[in-house]
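Please read the structure below before turning to the comments.
Everything quoted here is computed from the prediction, not taken from an experiment.
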Amino acid sequence: MTSIALFNNKGGVGKTTLAYHLAHMIRRLGLSVLAVDLDPQANLTSMCLEETEIEELWENPSELIDQGAAAQGLPGTGRVRSGQTIADAVRPILEGTGDIAEIAPAQLQQGLWLLPGSLDLSRFEDKLSNEWSRAYAGDIAAIRTSTAFHRIIEQAARSVEADVVLIDVGPNLGAINRAALISADTVLMPLAADLFSLKGLSNLGPTLREWRRDWQSLVLPRVPPGISAPKAAMRPLGYVIMQPEMRLDRPVKAYGRWLDRIPWVYSSKVLDEPTPSAIDDQHRIATLRNYRSLMPLAHDARKPMFDLRPADGALGSTQQYVKTCYKEFRALAEAVLRRIDIRTDEPSV
C-alpha cells in the first residue's frame, strides 16, 4: 500500500476535485483505492456521498455501523463501535477516554472506499498542537495522539486491502495537516499558475522538510514497539497544473508568466536543490484543463466528470468534452502510478 497526500497550502486550486477523480480513475485501472478525508471542511465527503447520507453519518454514527456492514456483505463485529468518520475515530483521544476507535470505511463502489470526514474534526487541532512538542520527550499519550491519523489509515487500508490511499487535506500548515502529512508516503501538489499558489509552494517545501526532520530525529526513536508510527517520508511526487478559467481581466500573458516560474520554485523550495533549473519541467505530472462546465452535471449525477452520459445532460459537443476529460485523467492516473512504481494490467490509451 502506498499513500499519497494531495496538498497545497493555497486553497481554491481544485485539490479535492483532483482527489475525487483520481481515486475513481485509479480504481478504473484495476486497483483498490481508499480515499481519506482529513480536511475539516469535509469537501471530499460531500462529493462522494449524498447529503442525506452525510446527515445520517454525522447524526447517527453508531446506528450505521452494523447496517453498513450488512449492506456490504461484511461480517459483524459483535460490538458497537463509536462511529464512521475520522472525527469519531479520534474522539476517545480528544475526550481522554481511550485510544483511537475502530471505524468502518464506506464502500462507494467495488474496490473504492472512503474514510469520511466531519466538521467536528476541527476540534482535534488544539489537541494535536499541544501534544506535538510533548512527543519529542517520548510522552506515550502524546505519541498516540500524533500517530492517530496514521494508525486509523493503516487499520482501514488493511481492512479493505487497499493498493493506494489518497489523502485529502485542507489548505493550511496547521497541526491537523502536519499529522496528516507525516502519515503520507508521498505528496502530490496541485497548483494554479498564479502568485498565491507559488507563494504557497515556497512555504510548503521548507515546512515539510522541518516536519520530516523533527519527526524522524526527535520522535521516531522514542516510539514504543507497540505503537505503529509513520516514517514521515512525504516524498514529493510532483505537481499537477490546474488551468484556470480564463477571465478578461487576467490575460494569457499573466498566466504564462507564473507558469514559467513554477519549475524553479518547485526545484528550489520543495526539492531543496542547490542549483535549481528554471526550465526543467520534469516534475510536472500533468496539466489539466478547466472542466468547470462539466462540474455541475457531475455533481447532480453523483459521478466523475469523465463518466457523464447524455442522460446526465452531457449532450452534443459536451460528450466530446467528457471523452477528453477521460483521456486526461487516465493519463494523469497512469503517470502517478508510474511514479509510485505501481503497474496495472489495464492497457494504456
Side-chain angles (χ1 to χ4, degrees), residues 1-8 10 12-37 43-44 47-48 108-109 111-112 114 162-169 171 184-193 197 201 204 235-245 255 259 262-263 266 270 280-295 297-299 303-308 314 319-349:
M1 183 271 290
T2 300
S3 56
I4 306 170
L6 288 90
F7 182 60
N8 186 345
K10 191 272 181 186
V13 296
K15 170 183 56 61
T16 299
T17 298
L18 179 61
Y20 175 82
H21 285 82
L22 194 56
H24 279 82
M25 184 56 74
I26 291 177
R27 174 65 199 111
R28 183 75 61 86
L29 295 175
L31 299 174
S32 179
V33 180
L34 173 68
V36 181
D37 191 351
N43 291 322
L44 181 60
M47 292 188 72
C48 293
L108 304 178
Q109 59 181 250
L112 179 58
L114 171 72
D163 299 307
V164 177
V165 174
L166 294 178
I167 306 171
D168 188 38
V169 296
D185 299 317
T186 62
V187 181
L188 175 63
M189 301 173 190
L191 301 176
S197 198
L201 198 61
L204 175 58
R235 176 173 65 88
L237 199 60
Y239 56 89
V240 177
I241 304 296
M242 312 293 283
Q243 286 186 340
E245 184 177 27
Y255 170 80
L259 187 66
I262 289 176
Y266 186 86
V270 176
D280 186 358
D281 210 11
Q282 63 175 314
H283 303 295
R284 176 162 56 171
I285 300 176
T287 297
L288 297 178
R289 70 191 68 204
N290 184 283
Y291 287 104
R292 190 160 299 175
S293 62
L294 296 181
M295 280 303 299
L297 298 176
H299 183 269
K303 61 173 61 173
M305 295 182 291
F306 48 70
D307 280 344
L308 290 171
Q319 193 55 222
Q320 186 58 47
Y321 206 34
V322 169
K323 293 178 181 178
T324 301
C325 180
Y326 176 88
K327 291 179 180 178
E328 286 196 352
F329 273 99
R330 175 154 185 161
L332 168 63
E334 290 173 341
V336 168
L337 293 175
R338 284 194 299 271
R339 292 191 179 219
I340 59 175
D341 296 323
I342 292 181
R343 298 292 183 267
T344 69
D345 295 330
E346 294 291 323
S348 298
V349 294

[X] side, atom [atom1]; [Y] side, atom [atom2] - distance, nearest 0.5 Å:
{"X": "Leu166", "Y": "Asp37", "atom1": "CG", "atom2": "CG", "value": "12.0 Å"}
{"X": "Met25", "Y": "Leu18", "atom1": "CE", "atom2": "CG", "value": "12.0 Å"}
{"X": "Leu191", "Y": "Arg284", "atom1": "CG", "atom2": "CZ", "value": "10.5 Å"}
{"X": "Leu112", "Y": "Arg28", "atom1": "CG", "atom2": "CZ", "value": "11.0 Å"}
{"X": "Glu328", "Y": "Arg289", "atom1": "CD", "atom2": "CZ", "value": "4.5 Å"}
{"X": "Cys325", "Y": "Lys327", "atom1": "SG", "atom2": "NZ", "value": "12.0 Å"}

Quiz item: side chain to side chain contact (heavy atoms under 4.5 Å, CB included) between His24 and Val33: does it pass, once the steps are laid out?
Solution: CA-CA 8 Å; His24 279 82; Val33 180; over 6 Å; no
Quiz item: Can you list the steps and then say if Phe329 with Leu288 is a side chain to side chain contact (heavy atoms under 4.5 Å, CB included)?
Solution: CA-CA 8 Å; Phe329 273 99; Leu288 297 178; 3.8 Å; yes
Within a strict 4.5 Å, meaning less than it, do heavy atoms of the [X] and [Y] side chains meet?
{"X": "Asp163", "Y": "Ile26", "result": "no"}
{"X": "His299", "Y": "Met295", "result": "no"}
{"X": "Leu31", "Y": "Leu337", "result": "yes"}
{"X": "Asn8", "Y": "Met242", "result": "no"}

Any idea which heavy atoms bring [X] and [Y] closest together, and the distance?
{"X": "Ala184", "Y": "Ala5", "value": "CB-CB, 3.7 Å"}
{"X": "Pro190", "Y": "Phe7", "value": "CD-O, 3.7 Å"}
{"X": "Leu332", "Y": "Ala286", "value": "CD1-CB, 3.9 Å"}
{"X": "Thr16", "Y": "Asn43", "value": "CG2-C, 3.8 Å"}
{"X": "Val322", "Y": "Leu308", "value": "CG1-O, 3.7 Å"}
{"X": "Leu34", "Y": "Ala162", "value": "CB-CB, 3.9 Å"}

Report yes or no: does [X] contribute a side-chain atom to a donor-acceptor pair with the main-chain N or O of [Y] at less than 3.5 Å?
{"X": "Arg338", "Y": "Ile342", "value": "no"}
{"X": "Asp185", "Y": "Ser3", "value": "yes"}
{"X": "Lys15", "Y": "Asp168", "value": "no"}
{"X": "Ser32", "Y": "Val164", "value": "no"}
{"X": "Arg339", "Y": "Leu237", "value": "yes"}
{"X": "Tyr20", "Y": "Cys48", "value": "no"}
{"X": "Thr186", "Y": "Arg235", "value": "no"}

Exercise. For the residue pair His21 and Phe306, categorise the inter-ring angle as parallel (less than 30°), tilted (30 to 60°) or perpendicular (more than 60°).
Key: perpendicular
Practice problem: Decide side chain to side chain contact (heavy atoms under 4.5 Å, CB included) for Leu22 and Ile4; before the verdict, give the C-alpha distance in whole Å, the side-chain angles of both, and the deciding distance to 0.1 Å. | Solution: CA-CA 11 Å; Leu22 194 56; Ile4 306 170; 5.8 Å; no
Quiz item: Please walk me through it: do Ile262 and Met189 pass side chain to side chain contact (heavy atoms under 4.5 Å, CB included)?
Solution: CA-CA 12 Å; Ile262 289 176; Met189 301 173 190; over 6 Å; no
Quiz item: Using a distance-only test with no angle check, is there a side-chain donor-acceptor pair under 3.5 angstrom linking Tyr239 and Asp281?
Solution: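 Tyr239 vs Asp281: donor-acceptor pair found between side chains.
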Quiz item: Are there more than 12 heavy atoms of other residues, nucleotides or ligands under 6.0 Å from atom NZ of Lys303?
Solution: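 Yes, enclosed.
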